[in-house]
Number of protein chains: 2
Amino acid sequence: MTHTVNDEESLDTVSQTLKLLGDKTRLTIMKLLDEQECCVCELVGIFNTSQPAVSQHLRKLKDAGFLRENRRGQWIFYSANRGSGQYELLQSLIARLPSQLYRIEELEKKGLRISCG
Amino acid sequence: MTHTVNDEESLDTVSQTLKLLGDKTRLTIMKLLDEQECCVCELVGIFNTSQPAVSQHLRKLKDAGFLRENRRGQWIFYSANRGSGQYELLQSLIARLPSQLYRIEELEKKGLRISCG
DNA sequence: TTATTATATAAGTATATAATTATATGCGCA
DNA sequence: TGCGCATATAATTATATACTTATATAATAA
């Protein structure tokens, strides 16, 4: 058995995934969205970045197949796509991270939670 | 139990590690060096990059604690540092990748192998 | 010692990435 | 319809990253 094209693809796929998750904001977003569906404005309230910055991170994660989106009225709720072919890899990474649910609780204290879901 | 400083560190540590390994060349280097100790000139022969480029990748990996170095004469041999605190994370990633030993075999065929080790 | 080989580092350049600002789109409601 | 809010996209700017070229360091061998 020798080197195959699939081998190369595996290196490409994994390195691209790691590059995507090698950003602290995106990694945190994935951890949180694996625990709890959130809309964009909640994520904006949680992270110290602008709405476009959050949108752009979400776009990259969605393009890679890591997110599901779910519109309800004017809000778009995002959550981890557990059907992604890369979900197991994602899971093995975020399982190491502390829960981010406390961020949602902080949002609630500030009255910024969108609870229409 | 609430949010702690360690939690933040975990997010920082993991995201930095993923950023480091989110480069295809570095990821491949780590896979290979986990299987087989190699010197710099062998890695230069294997990857299509210059010697300084390889050196710079090795430096980053070494700074992160992922590599052990071992000088023998004029050669410096690198291998995965299995004692790294992050080795388990590293292992969970590279275990998914195909063996890179075929690259060593190709080197041998070209007569570029440093077999003094 | 000098020459040669292996490796590292520094400086510069090119490219990629993330963030901001500005604008567009889409939905709900008066 | 028109307005306000949520989100997305485009364009720009700032920053980070990877690579190249040039040079320095270290070891060996003549």
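Every chain is numbered from 1, with letters handed out A, B, ... down the list of sequences. Since we're looking at a predicted model, the values are computed, not measured.
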Of all the nucleotides listed ([options]), which has the minimum atom distance to the side chain of [X]?
X	options	answer
Val40(B)	dA8(D), dT7(C), dT5(C)	dT7(C)
Pro52(A)	dA27(D), dA10(D), dT7(D)	dA10(D)
Cys41(B)	dA10(D), dT7(C), dT21(D)	dT7(C)

Kindly say if [X] contacts the phosphate of [N], meaning a side-chain N or O under 4.0 Å from OP1 or OP2.
X	N	value
His57(A)	dT17(C)	no
Arg26(A)	dA18(C)	yes
Ser50(B)	dC19(D)	no
Tyr78(B)	dA6(C)	no
Ser55(A)	dT7(D)	no
Arg59(A)	dT9(D)	yes
Lys60(B)	dT17(D)	no
Arg71(A)	dG26(C)	no
Lys19(A)	dT17(D)	no

Would you mind reading off the distance between [X] atom [atom1] and [N] atom [atom2], rounded to a whole angstrom?
X	N	atom1	atom2	result
Glu42(A)	dA6(D)	CD	C1'	12 Å
Glu69(A)	dC27(C)	CD	C1'	14 Å
Asp63(A)	dT17(C)	CG	P	13 Å
Asp23(B)	dT17(D)	CG	P	11 Å
Gln74(B)	dA27(D)	CD	C1'	6 Å
Leu58(A)	dT7(D)	CG	C1'	10 Å
Asn70(A)	dT7(D)	CG	P	12 Å
Ile76(A)	dA6(D)	CD1	P	12 Å

Side-chain donor/acceptor of Gln56(A) to base of dT7(D), under 3.5 Å
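Answer no: no donor N or O sits under 3.5 Å from an acceptor.
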Looking only at N and O atoms, is any donor in the side chain of Gln51(A) or the base of dA6(D) less than 3.5 Å from an acceptor on the other one?
no
Test side-chain contact (heavy atoms from CB on, under 4.5 Å) on Leu43(A) and Leu58(A) and set out the steps.
CA-CA 10 Å; Leu43(A) 296 172; Leu58(A) 291 172; 3.9 Å; yes
Taking only Lys NZ, Arg NE, NH1 and NH2, and the carboxylate oxygens of Asp or Glu, determine whether [X] and [Y] approach each other closer than 4.0 Å.
X	Y	result
Arg82(A)	Glu88(A)	no
Glu105(A)	Arg113(A)	no
Asp12(B)	Lys24(A)	yes

For a side chain to side chain donor-acceptor pair (under 3.5 Å) check, start with the C-alpha distance between Gln56(B) and Arg59(B), then their side-chain angles and the critical distance, and finish with the verdict.
CA-CA 5 Å; Gln56(B) 284 157 17; Arg59(B) 174 84 135 91; over 6 Å; no
Are Ser99(A) and Glu35(A) close enough, and set up right, to give a side chain to side chain donor-acceptor pair (under 3.5 Å), and what steps lead you there?
CA-CA 8 Å; Ser99(A) 170; Glu35(A) 299 184 291; 2.9 Å; yes
Check every strand shown and say whether Lys62(B) touches a base, only sugar-phosphate, or nothing at a heavy-atom separation below 4.0 Å.
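No contact.
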